[in-house]
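A quick write-up on the structure given underneath.
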Amino acid sequence: MLDRYETATLTATVKDKDGNPVSEAVTWSSDNASVATVSGGVVEAKGEGSANITAKVGDASATCLVDVENSGALPVLDTGDESVELIVGASYTVSAAVVYKRTEQTDAKVTYTAQDPSIVDVDENGKITAKKFGRTELTVKGDWRGIESPYLTETVDVNVKEDVVVTVDRGSATIFTLATTVDGQEFTNEVTLGGTVNVNGTEGVADGGTLTWKSSDETVATVDQNGKVTANTAKKEGIANITLNYDSGNRVYESNPVAVTVKFPTVDKSKQTLAPYTDASKGTLAQALNADEIFGEDSGKTITRVCIPDDLGTDILNDADWLERSDDGFETARKTKITVYNEDYAYIIQTTIVTKIITNYNELTQMQQLGGVSQDIATVSGRTFYNWSGMFILGNDIVVPEGAEQLDVKGCDEGFFSGGHFADNVGFLGVFDGRGHTIHGLKLGFGGLFGVIGNKDGTRSVIKNVALTDVVVDNAANKGGGALCQAFINGDLYNVFVSFSINGGYHGALGRGVKGGRIRNTLIYYNKSGGYTCGAVTSWSVAQISVTNMVVVYSKSLSTNKTPTNVDKNGNLTYNDVDRKLNGQMDGSTNVALNTSTKVVEVNEEDFAKTTFKLGNTYADYYCQVNGLGTLPLFTTSVSGVSIDKNELTLAVGATENNTLVGSVLNLAGTAFSYVPVIWSSSDESVATVSGGVVTAVAAGTATITASYGTHTATCSVTVTA
């Protein structure tokens with residue numbers, strides 16, 4: 001069985017009478033040439049039907065019946081190329097073949113004809129030679145046995161280009177919206193690119209050709225015909241693709257683009273202190289940020305926009321929700337980098353989003369409201385606690401106004417009586433950073449300043465870098481309270497000074513109960529003037545707490561020897577031991593409830609003068625020693641000065657009356673600290689000496705008596721007569 005147009009080869013074998021093959025010429029014939037023909041044994045199918053193919057030698061013959069079917073298969077022309085691209089002068093051979101039923105027909109003929117012989121030549125073997133620039137078609141035709149087939153003609157698109165290569169000297173460049181110098185960094189707003197063209201193997205522009213530079217976005221950057229790219233004066237950031245284009249007169253050839261990025265001049269200031277805290281209560285960054293604080297008082301700049309460094313396309317300056325969204329989590333989660341722009345340049349700064357930067361007493365009293373205070377029922381003992389959160393920063397020192405009423409902060413409404421009331425995830429769940437500032441003269445009830453200081457899912461609430469001077473804790477209901485809080489539950493107290501007095505029952509610096517947490521680099525000055533079951537740290541329940549470098553100093557009201565406080569020239573105070581009470585429940589001689597071993601130093605004022613107390617903190621400086629002499633340490637921000645009650649003093653040698661000076665260390669309110677002695681010195685001890693403010697006239701002459709504390713001094717001129 002053959003398909004139309006197929007061939008098959010028959011072989012005839014001639015034998016003698018003995019059956020041996022002999023060589024004789026064979027005559028082949030077909031009885032139906034419209035179905036199949038035969039030549040030399042090769043049968044060629046012509047049409048559908050049947051034919052007898054006969055091989056004959058003399059009177060002997062043999063016949064083969066050949067059936068031919070018509071499957072509809074036709075021969076096709078396979079060129080292998082749909083298009084050809086050449087440069088002038090180049091050649092390429094198009095290989096074409098006639099294929100029938102996946103078999104190349106070697107007896108087929110192929111002819112090639114160029115539509116436009118002026119553009120290309122083509123020979124009988126399909127070799128194309130490019131003559132000039134242009135586009136034409138090559139017609140390829142196949143001829144096989146004269147069979148008509150619509151698939152024996154194909155066209156090949158031929159594109160002849162000129163031999164042009166345009167190159168540029170780089171792939172990218174960065175310039176800035178303004179040529180300027182910012183903080184010693186130079187920024188340029190232009191760059192000059194280089195490029196070349198090679199035409200037909202020769203560098204340079206051919207006759208009639210032109211070479212030009214082009215910018216894809218002239219609103220970002222323009223380019224002149226010398227290749228100088230300049231940022232647009234509109235100061236628009238973005239990317240402009242710069243290309244070198246060669247127009248040969250026939251077509252334009254373009255180089256690979258140079259991506260020129262235009263940026264605002266930007267200096268990374270994130271490791272410097274520019275705007276360390278951003279107040280979320282201001283509403284938007286436009287209201288919260290201060291251009292003078294960021295760019296300098298003399299810069300004359302205004303903030304034009306703010307972006308996140310990873311999203312410079314989104315301006316958040318006036319985003320009404322961005323600060324609110326960022327006011328969440330503890331301190332680390334609040335740190336973020338922002339890019340702040342003015343008209344000419346930008347700074348990348350790191351800022352911490354805080355709930356409020358507190359600058360006055362009224363704002364201090366509103367912390368719970370700003371922190372979203374909510375009433376929650378604790379899971380322990382069914383007590384009602386008040387939860388609030390956020391991060392609060394002291395922007396400056398605060399003096400409580402004279403006549404201010406007692407501040408009753410919400411802690412646990414029913415009081416805090418025993419360890420059974422401890423519960424996690426209650427109270428103040430955030431951070432308070434005093435930044436080395438002082439709050440003076442607080443009057444507090446049972447809630448202290450923070451209510452309950454707690455922890456949130458294992459993250460401690462932090463109170464740090466703050467001095468609370470001359471706090472008065474008074475709670476007639478005796479529910480328990482303190483200078484800092486009503487209870488301390490796994491919090492973190494760090495770099496804190498507290499001086500407080502107690503007028504009611506069940507009080508301590510940390511209120512009525514302590515469970516877990518840390519106290520580090522903390523000094524407590526404790527004065528008990530009333531109440532019962534009170535302690536320097538807490539009044540009642542104490543669970544395990546980690547304490548490092550904590551010193552408790554007791555006032556003379558707790559001393560067994562109430563000699564007035566004095567510091568002599570050797571730094572020694574003049575009164576003795578005290579009734580030591582870290583915890584109001586504990587015996588006066590023990591502090592094991594704090595589970596701190598030797599980490600807590602309990603001293604009276606005499607011992608403390610010989611104690612080294614160092615913090616090493618960048619926010620708060622303590623006055624610890626003066627000229628090698630010890631005295632009760634305070635934050636430098638807690639002291640406004642030193643005073644002496646007399647400016648001048650005249651004494652006769654040996655006088656014992658009217659020879660006493662009163663020196664005082666002044667608090668922020670301008671009144672004297674009752675518990676901080678000054679250090680006395682004389683400019684000429686051969687004329688007059690001084691001890692504890694008592695001046696001894698030695699010989700006629702003049703001397704200057706100085707009372708000092710830290711860097712603060714006051715003087716009295718003493719004249720001694722014979």
Quiz item: Heavy-atom distance under 4.5 Å between the side chains of Arg170 and Leu193, does that happen here?
Solution: yes

Quiz item: Step by step, would you call Lys56 with Glu24 a salt bridge (Lys or Arg N to Asp or Glu O under 4.0 Å)?
Solution: CA-CA 10 Å; Lys56 185 176 181 180; Glu24 293 288 346; over 6 Å; no

Self-check item: Neighbour count above 12 (heavy atom, 6.0 Å) for Asn396 CG
Solution: yes

Quiz item: On the ring face of Phe392, is Lys356 found with NZ or CZ under 6.0 Å from the centre and within 45° of the axis?
Solution: no

Practice problem: Could you check if a side-chain atom of Asn521 sits within less than 4.5 angstrom of a side-chain atom of Tyr494, using non-hydrogen atoms only? | Solution: yes

Quiz item: If you round to the nearest 0.5 Å, how far is OH of Tyr277 from CD1 of Ile393?
Solution: 4.0 Å

Quiz item: Is the CD atom of Gln225 crowded by more than 12 outside heavy atoms at less than 6.0 Å?
Solution: yes

Quiz item: Do Tyr151 and Thr153 touch side chain to side chain, with heavy atoms closer than 4.5 Å?
Solution: no

Quiz prompt | Separation between CH2 of Trp322 and CG of Asp315, rounded to the nearest 0.5 Å | solution = 12.0 Å

Quiz item: Hey, is CG on Asp18 packed in by over 12 heavy atoms from elsewhere, all under 6.0 Å?
Solution: yes

Quiz item: Would you say Arg145's side chain and Tyr5's backbone share a donor-acceptor pair under 3.5 angstrom?
Solution: yes

Quiz prompt | Contact check, side chains of Thr111 and Val140, non-hydrogen atoms, under 4.5 Å | solution = no

Quiz item: Can you list the steps and then say if Asp183 with Lys269 is a salt bridge (Lys or Arg N to Asp or Glu O under 4.0 Å)?
Solution: CA-CA 10 Å; Asp183 296 348; Lys269 308 280 279 190; 2.8 Å; yes

Quiz item: Does the pair Arg325/Asp319 count as a salt bridge with the N-to-O cut at 4.0 Å?
Solution: yes

Quiz item: Should the pair Glu124-Lys109 be classified as a salt bridge under the 4.0 Å nitrogen-to-oxygen rule?
Solution: no

Quiz item: Any donor and acceptor pair, going by atom type alone, linking the side chain of Thr155 with main-chain N or O of Thr139 inside 3.5 Å?
Solution: no

Quiz item: Counting heavy atoms not belonging to Lys214, are there more than 12 under 6.0 Å from its NZ?
Solution: no

Exercise. Ignoring hydrogens and angles, tell me if any N or O in the side chain of Ser215 forms a donor-acceptor pair with the backbone of Ala221 under 3.5 Å.
Key: yes

Quiz prompt | Nearest-0.5 Å distance, OG1 of residue Thr351 to CG of residue Asp279 | solution = 10.0 Å

Quiz item: Could you give the distance from CD (Glu154) to OH (Tyr112), rounded to the nearest 0.5 Å?
Solution: 12.0 Å

Exercise. Quick one: pull up CD1 in Ile239 and CG in Asp217 and give me the separation to the nearest 0.5 Å.
Key: 10.5 Å

Practice problem: Without swapping roles, check the side chain of Lys127 against the backbone of Val122 for a donor-acceptor pair under 3.5 Å. | Solution: no

Quiz item: Ser326 side chain to Glu324 main-chain N or O, any donor-acceptor pair under 3.5 Å?
Solution: no

Exercise. Decide yes or no for Leu152 and Val76: does some side-chain heavy atom of the first lie under 4.5 Å from some side-chain heavy atom of the second?
Key: no

Exercise. For the pair Thr359 (side chain) and Gly395 (backbone), establish whether a donor and an acceptor sit closer than 3.5 Å, ignoring hydrogens and angles.
Key: no

Exercise. Test salt bridge (Lys or Arg N to Asp or Glu O under 4.0 Å) on Lys101 and Glu6 and set out the steps.
Key: CA-CA 9 Å; Lys101 298 187 74 170; Glu6 279 188 319; 3.7 Å; yes

Self-check item: side chain to side chain donor-acceptor pair (under 3.5 Å) partners for Asp344, two or more places apart
Solution: Lys235, Lys301

Quiz prompt | Backbone N/O of Gly296 and side chain of Ser299: donor-acceptor pair under 3.5 Å | solution = yes

Quiz item: Is there a side-chain contact between Tyr253 and Asn245 (heavy atoms, below 4.5 Å)?
Solution: no

Quiz item: Among pairs that include at least one residue of residues 80-91, which meet salt bridge (Lys or Arg N to Asp or Glu O under 4.0 Å), considering only residues two or more places apart or in two chains?
Solution: Glu85-Lys161

Quiz item: Just by modelled atom types, is the Thr284 backbone N or O under 3.5 Å from a matching donor or acceptor in the Gln287 side chain?
Solution: yes

Practice problem: Taking Ser216 for its side chain and Asn241 for its backbone only, find out whether a donor-acceptor pair lies under 3.5 Å. | Solution: yes

Quiz item: What salt bridge (Lys or Arg N to Asp or Glu O under 4.0 Å) pairs are there with at least one residue in residues 237-266, not counting sequence neighbours?
Solution: Glu237-Arg305

Practice problem: Identify the heavy atoms of Asp3 and Ala73 that sit nearest to each other, and give their distance. | Solution: OD2-CB, 4.1 Å

Practice problem: May I ask you to test the Val229-Thr192 pair for a side-chain heavy-atom distance under 4.5 Å? | Solution: no

Self-check item: Pairwise distance CG(Leu138) to CD1(Ile119) - rounded to 0.5 angstrom
Solution: 12.0 Å

Quiz item: Would you find more than 12 non-hydrogen atoms of other residues, nucleotides or ligands less than 6.0 Å from Asp298 atom CG?
Solution: no

Quiz prompt | Asp207 atom CG, over 12 foreign heavy atoms within 6.0 Å | solution = no

Exercise. Go through Asp328 and Arg334 one step at a time and tell me if the salt bridge (Lys or Arg N to Asp or Glu O under 4.0 Å) criterion holds.
Key: CA-CA 7 Å; Asp328 189 36; Arg334 293 167 171 269; 5.8 Å; no

Quiz item: Do Asp121 side-chain atoms and Thr129 backbone N/O form a donor-acceptor pair below 3.5 Å?
Solution: no

Quiz item: Parallel, tilted or perpendicular for Tyr345 and Phe295, by the 30°/60° rule?
Solution: perpendicular

Exercise. Answer yes or no: is there a side-chain heavy-atom contact under 4.5 Å between Trp144 and Asp107?
Key: yes

Quiz item: Does a donor on one side chain sit under 3.5 Å from an acceptor on the other, for Glu162 and Ser248?
Solution: yes

